Amino acid sequence: MTFHKDRPLIAQTDFCVLLEVRHPSFEEARAGLAKFADLVKSPENIHTYRMSSLSLWNAAAAGLTSEEIIGFLDRHAKFGVPTGVKQDIRRFVERYGLVRMERLGDDLLLISKDVEAIKEMVSFRSLRSYGLCQVDSQTLRFSARYRGLLKQELVKLGFPVEDLAGYSRGESLPIRLRTEEAGEQAFELREYQRSAVDSFYREGSLHGGSGVLVLPCGAGKTVIGIAVMGKLNCATLILTSNSTSVRQWKREILEKTDVTEDLVGEYTGMQKEVRPITVATYQILTYRKSKDDPFIHMDLFNKRDWGLIVYDEVHLLPAPVFRVTADIQATRRLGLTATLIREDGREEDVFSLVGPKRYEMPWKELETQGWIASVECVEIRVPMAEKEKEAYFAAAPRHKMREASVNPDKLKVVRDLLSKHDGEQILIIGQYLEQLRQLAEATKLPMISGEMPYEEREALYSGFRSGAVPALIVSKVANFAVDLPDATVAIQISGSFGSRQEEAQRLGRILRPKAGTNRAVFYTLVSEDTKEQEFALNRQLFLIEQGYRYRIEWADGSKEAVSI
DNA sequence: TGAGAGGGAA
DNA sequence: CTAGATCCCTCTCA
């Protein structure tokens with residue numbers, strides 16, 4: 001094996017790939033790896049990526065071939081790629097599409113050129129109840145009602161079936177986008193938005209109809225959803241995470257299409273309209289009086305002949321909705337998200353039931369094109385005073401995180417940052433209400449938490465936008481509030497455990513393009529040498545995978561800044 | 001009829 | 001793991 005000292009990667013036999021952080025071609029290698037592997041560890045000098053069957057299948061579904069993946073690794077790996085790893089990559093990638101699902105009358109078929117694959121499927125005990133019936137050595141037949149469950153089960157057994165069984169068109173509804181008209185309401189799809197739409201749906205192609213589009217915060221996911229609706233022209237059910245988002249979808253649909261108001265309904269706790277375009281929350285679907293009772297609103301899926309279901313923030317899709325989704329596989333399904341990571345690990349179910357990844361827009365690319373601000377991330381390590389340190393060590397393990405997070409010495413750091421960024425729009429984001437209240441008290445800045453009524457929030461938001469309010473202190477509402485104004489500086493003083501989602505969401509708060517240099521800063525304050533510092537590492541994984549670097553500084557200036 | 005409080009759920 | 005936010009229902013009061 002030849003040794004290429006000047007290359008940044010090491011491909012290991014365990015399917016991990018190590019990436020040298022300080023290597024001149026780090027960025028190129030990182031961008032390439034991110035397409036088919038997940039970042040699992042990111043210490044200072046070497047980042048560890050891991051390929052998994054799912055990461056490779058998603059890559060395959062988005063159009064990457066095994067030869068492209070292997071070629072990429074070959075070009076960048078110091079010691080080349082172990083032969084076994086190459087074989088496994090081929091084996092995994094080629095599994096996607098090895099078995100197809102097609103329609104035959106009222107039944108469905110599983111078809112594969114690989115006779116062994118068919119044999120294997122027949123032999124699986126867990127598939128017995130689906131009534132698989134062998135037609136010939138390359139074909140199995142089964143009832144269409146098992147389309148979803150079977151795909152779900154087959155993914156777990158290592159067969160990511162390509163679903164070409166087609167879709168029903170649903171009730172038709174003309175939806176014209178206001179892209180061609182003149183005047184205030186006209187808008188134009190950005191190039192990447194058009195590509196995203198095209199990779200989900202192509203006229204006359206059986207492929208077009210289910211899948212997930214992955215785009216950063218602020219990339220215009222709603223617009224893409226609406227553009228897909230404009231292509232399919234059918235009754236559409238949109239599921240989203242909260243009521244603000246419901247209103248936002250409704251508003252944007254009315255603004256960006258010629259659909260009239262009477263055709264757009266809201267299905268929430270407040271209002272139960274079922275119209276040709278209906279926007280609902282996930283929560284109403286999963287409502288039941290108590291455990292063991294039925295989900296009384298789940299039949300919204302059957303209340304109309306939907307031609308398209310949009311799963312906004314598909315990484316939040318609740319478990320019971322998966323179950324219903326398995327039953328409506330003949331309906332087109334579009335998932336939208338900023339990250340395929342689910343904190344509950346059910347990524348496989350998103351893959352099999354909503355669909356594989358069809359398109360991904362990397363954050364850094366969007367930044368290069370100037371659609372989002374360029375953000376500098378800084379982790380500031382704040383030492384704990386003796387007294388607090390004692391309390392920290394004395395605390396029960398499950399309280400340690402909180403003890404570290406509420407380190408009172410963070411106050412001084414916040415003050416310094418406030419004066420350093422005087423005149424800019426600053427958001428201070430935290431997790432513990434008590435900590436936030438103290439900070440609000442000390443800085444005389446307004447604080448927004450869940451208990452504040454919406455009108456009061458609105459008033460503060462508009463004060464913040466106009467510059468009358470220089471900084472806002474916000475609780476976890478920042479994770480949900482779609483209407484929270486953009487800022488140029490975010491200071492995170494505490495957060496929940498290792499949530500990569502939350503970190504990305506909070507960074508998303510300062511992504512809107514900025515006048516002038518288009519720059520923003522994201523500070524995160526962690527107590528030095530505590531659990532909080534460990535959790536911070538995990539939180540940062542997703543953003544680091546996307547190419548963000550965290551500069552580390554010490555609040556007391558005891559050590560020099562480093563970059564990871 | 002609508003607003004507001006309270007409780008349960010995930 | 002915790003703490004917090006949200007949503008949805010039901011009940012009460014005017």
Side-chain angles (χ1 to χ4, degrees), chain A residues 238-249 266-273 279-300 312-324 342-346 349 391-392 395-407 427-440 447-457 460 472-484 492-503 505-506 509 526-527 530-532 534-536 538-539:
Chain A
I238 297 157
L239 305 176
T240 189
S241 53
N242 59 48
S243 58
T244 320
S245 172
V246 169
R247 283 191 292 276
Q248 179 139 323
W249 270 96
E266 201 176 293
Y267 196 92
T268 62
M270 301 291 292
Q271 234 157 343
K272 308 261 183 309
E273 303 158 341
V279 194
T281 57
Y282 286 124
Q283 255 158 333
I284 199 160
L285 291 176
T286 56
Y287 176 79
R288 47 182 169 178
K289 278 206 175 65
S290 66
K291 268 188 177 186
D292 311 324
D293 278 332
F295 298 101
I296 49 186
H297 294 298
M298 210 56 107
D299 65 340
L300 180 58
D312 192 18
E313 317 272 12
V314 70
H315 58 281
L316 299 174
L317 190 151
V321 179
F322 277 129
R323 256 166 264 154
V324 185
R342 290 178 63 99
E343 308 290 352
D344 69 354
R346 294 191 63 172
D349 292 328
Y392 173 77
R398 61 180 177 182
H399 294 135
K400 277 203 173 8
M401 177 66 174
R402 185 179 183 136
E403 288 294 332
S405 299
V406 300
N407 179 0
L427 286 175
I428 302 168
I429 312 174
Q431 149 102 344
Y432 302 100
L433 294 180
E434 200 37 49
Q435 178 188 32
L436 294 171
R437 274 193 277 267
Q438 284 169 15
L439 188 69
M447 164 186 161
I448 299 175
S449 74
E451 64 202 25
M452 181 180 275
Y454 280 91
E455 297 102 78
E456 279 178 59
R457 296 187 198 186
L460 285 172
L472 282 180
I473 298 174
V474 285
S475 67
K476 273 180 74 165
V477 292
N479 299 9
F480 308 98
V482 208
D483 45 356
L484 187 69
Q492 172 170 252
I493 58 167
S494 53
S496 56
F497 298 85
S499 173
R500 294 164 285 182
Q501 302 268 351
E502 190 176 74
E503 188 90 350
Q505 189 75 38
R506 289 174 171 181
R509 291 305 176 188
V526 301
S527 293
T530 65
K531 276 216 149 85
E532 192 187 22
E534 285 169 41
F535 279 117
N538 197 51
R539 293 174 60 87

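In what follows, every chain begins at residue 1, and chains take the letters A, B, ... in the order their sequences are listed. It should be emphasised that the depicted structure is a prediction, and the values quoted were computed from it without experimental measurement.
- K272(A) comes within 4.0 angstrom of sugar-phosphate atoms only, judged by non-hydrogen atoms across all strands, and of no base.
- Put simply, CG on N242(A) and OG1 on T268(A) are 11.0 Å apart, with the number rounded to the nearest 0.5 Å.
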Pairs under 3.5 angstrom, nitrogen or oxygen only, protein versus nucleotides 1-10 of chain B, please.
{"from": "dA10(B)", "atom 1": "OP1", "to": "R288(A)", "atom 2": "NH2", "distance (Å)": "3.4"}

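- Salt-bridge check for R346(A) with D344(A): failed, with every basic side-chain N at 4.0 Å or more from each acidic carboxylate O.
- For the pair E266(A) and R247(A), the salt-bridge criterion is not met [side-chain N within less than 4.0 Å of a carboxylate O].
- Residues P320(A) and L285(A) are not in side-chain contact: their nearest non-hydrogen atoms beyond the backbone lie 4.5 Å or more apart.
- No donor-acceptor distance shorter than 3.5 angstrom exists from the side chain of Q248(A) to the backbone of V482(A), with no hydrogens or angles considered.
- Checking side-chain atoms of Y392(A) against main-chain N and O of K531(A) turns up a donor-acceptor pair under 3.5 Å.
- A salt bridge links R437(A) with E434(A); the closest basic N to acidic carboxylate O contact falls under 4.0 Å.
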All N/O contacts under 3.5 Å from nucleotides 1-4 of chain C to the protein, with atom names and distances to one decimal?
{"from": "dG4(C)", "atom 1": "OP1", "to": "L433(A)", "atom 2": "N", "distance (Å)": "3.2"}

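- Following rounding to the nearest Å, I448(A) (CD1) and dT6(C) (P) show an atom-to-atom distance of 11 Å.
- At whole-Å resolution of the value, CG in D293(A) and P in dC8(C) are 18 Å apart.
- The phosphate of dT6(C) has neither OP1 nor OP2 within less than 4.0 Å of any side-chain N or O from S241(A).
- Going from atom NE2 of H297(A) over to atom P of dC8(C) covers 8 Å, rounded to whole Å.
- Ring geometry for Y287(A) versus H297(A): interplanar angle of 30 to 60°, hence tilted.
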